Amino acid sequence: METDDVLDGAPTADTAARVREVIADAGVSQREFARRVVMDPSKLSRSLSGTRRFTAAELARIADEGRVDAGWLLGTRSRERAAAPTVEVEGGRPLQIVRETVRLIAEHGFHAVRVADIARACATSSAAIHYHFPGRAELLEAAVRWCMDEDTARRAARLAEADDAAAELRQLIALQTPRTAQQRRQWAVWLDLWAEAARSTAVGRLHSEYYRQWRETVADVVRRGVGQGVFRAGLDPQAAALTLTALIDGLATHVLSVGGPSSAAAADAMHAALTTHVTDTILAP
């Protein structure tokens, strides 16, 4: 399905103003709104500034999140005709689609997921999926972006609770140890994307950029810890982050390869190994 077939009309200069109104009514930042509609924040920014046109699928997701009529965003209908979605699902239909896509990727692998499978999981039609995401590639990229954004949000929330950099590092280790079903699902998606990164696909490049940001997060924590005196003086933040993230990746891969009751023991062993590494090489004596 082509994007222009989804909605009548085409985005106009006034469309950006209407989208800004929807964002203002939502009471959240532009970046948070982009996360909610599973859109690249830079694309949203360029579309709002007029250097890029919104696609019809993006407007459909914006309309769903803002509980407005997509036709109103395009200027073809009055605001009074705006209506709530006919199907009420937690977080709106786009997020339901994305969450189910992530679950299916974790269970069956990136290349095994079909639009028909996603539609079945959402109890809707393939046409309804295409209304929000015109093509499979766009949907899979949106799912990966959402998965990574959720991981980033969880990390930020946990780091905000920490008293110092040592506590921050312990929080990061706990978050990266695949104990719960959600953590294992996140890791299953993460590991499946390594092959995409090696092939330098669009999704693979997204994964590589996210991994760069994740490693920089660890480096920033190490840098703060050295400054606070809780980590070893003279420690190289980049080198320490590279070693620690590589160790996390390798150990998590082992945990995911262990099934059944043994997986809990493997996760415990992973956490213990990471804790020992941090104590022996990062924490101040």
Side-chain angles (χ1 to χ4, degrees), residues 1-12 14-50 52-77 79 81-105 113 115 118-119 121-150 152-153 202-203 206:
M1 177 182 294
E2 295 297 325
T3 301
D4 290 341
D5 292 336
V6 178
L7 299 172
D8 294 329
T12 66
D14 293 334
T15 298
R18 296 188 184 96
V19 173
R20 287 186 185 278
E21 186 176 332
V22 171
I23 296 173
D25 289 344
V28 298
S29 68
Q30 188 172 303
R31 175 169 288 275
E32 170 59 19
F33 191 83
R35 188 190 70 83
R36 292 185 181 185
V37 298
V38 202
M39 186 176 177
D40 185 336
S42 66
K43 288 184 178 179
L44 175 59
S45 180
R46 295 200 305 275
S47 298
L48 290 173
S49 67
R52 175 186 180 274
R53 289 163 65 91
F54 285 103
T55 68
E58 289 166 352
L59 290 176
R61 300 201 295 274
I62 290 168
D64 186 277
E65 174 62 28
R67 299 297 190 264
V68 299
D69 194 294
W72 173 74
L73 289 176
L74 286 167
T76 61
R77 298 173 187 168
R79 182 69 185 259
R81 294 186 63 184
T86 56
V87 178
E88 290 290 342
V89 292
E90 183 184 356
R93 178 66 79 186
L95 279 183
Q96 181 202 27
I97 293 170
V98 165
R99 285 193 293 262
E100 289 301 320
T101 301
V102 169
R103 181 181 64 79
L104 290 170
I105 291 173
V113 178
V115 172
I118 298 166
C122 294
T124 189
S125 66
S126 293
I129 303 296
H130 286 304
Y131 177 74
H132 295 289
F133 302 95
R136 178 181 179 276
E138 183 187 56
L139 173 54
L140 293 178
E141 182 175 340
V144 170
R145 182 177 298 281
W146 178 82
C147 191
M148 294 175 175
D149 285 348
E150 287 294 293
T152 299
V203 168
L206 177 62

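Treat the numbers as computed from the prediction; the structure is a model and nothing was measured.
- For the residue pair I105 and A143, the shortest heavy atom distance occurs at CD1-CB, 4.5 Å.
- The two residues H130 and P134 come nearest to each other via the heavy atoms ND1-O, 2.7 Å.
- Annotation: side chain of S45 is in contact with side chain of Q30 (closest heavy-atom distance under 4.5 Å).
- Checking side-chain atoms of T124 against main-chain N and O of A119 turns up no donor-acceptor pair under 3.5 Å.
- In this structure, the side chains of F133 and V98 come closer than 4.5 Å at one or more pairs of heavy atoms.
- Considering only heavy atoms from C-beta on, L44 stays 4.5 Å or farther from V37 through its side chain.
- Interatomic distance, CZ of R53 versus OG1 of T15, reported as 8.5 Å (0.5 Å rounding).
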Could you walk me through whether H132 and V38 pass the side chain to side chain contact (heavy atoms under 4.5 Å, CB included) check?
CA-CA 10 Å; H132 295 289; V38 202; over 6 Å; no
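- Within the 4.5 Å cutoff, no side-chain heavy atoms of R35 are placed close to those of V28.
- Nearest heavy-atom pair across G66 and V22 is CA-CG1, 3.7 Å.
- Distance check: I129 CD1 to T101 OG1 gives 7.0 Å after rounding to the nearest 0.5 Å.
- Formation of a donor-acceptor pair under 3.5 Å by the R136 side chain with backbone atoms of V113 is found in this model.
- Looking at heavy atoms from C-beta onward, V68 lies out of side-chain contact with I62 at the 4.5 angstrom threshold.
- Counted within 6.0 Å of CZ on R31, heavy atoms from surrounding residues, nucleotides or ligands total 12 or fewer; the atom is thus considered open.
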Would I97 and Y131 count as a side chain to side chain contact (heavy atoms under 4.5 Å, CB included) here? Give the steps.
CA-CA 11 Å; I97 293 170; Y131 177 74; over 6 Å; no
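- Going from atom CG of D69 over to atom CZ of R18 covers 11.5 Å, rounded to the nearest 0.5 Å.
- Of the N and O atoms on the side chains of Q96 and R93, at least one donor lies less than 3.5 Å from an acceptor on the other residue.
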Side chain to side chain contact (heavy atoms under 4.5 Å, CB included) evaluation trace for R99 with W146:
CA-CA 8 Å; R99 285 193 293 262; W146 178 82; 3.4 Å; yes
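- Residue I23 holds its CD1 atom at 10.5 Å from CD of E65, rounded to the nearest 0.5 Å.
- Of the inter-residue distances, the one linking M39 atom CE with E58 atom CD reads 3.5 Å to the nearest 0.5 angstrom.
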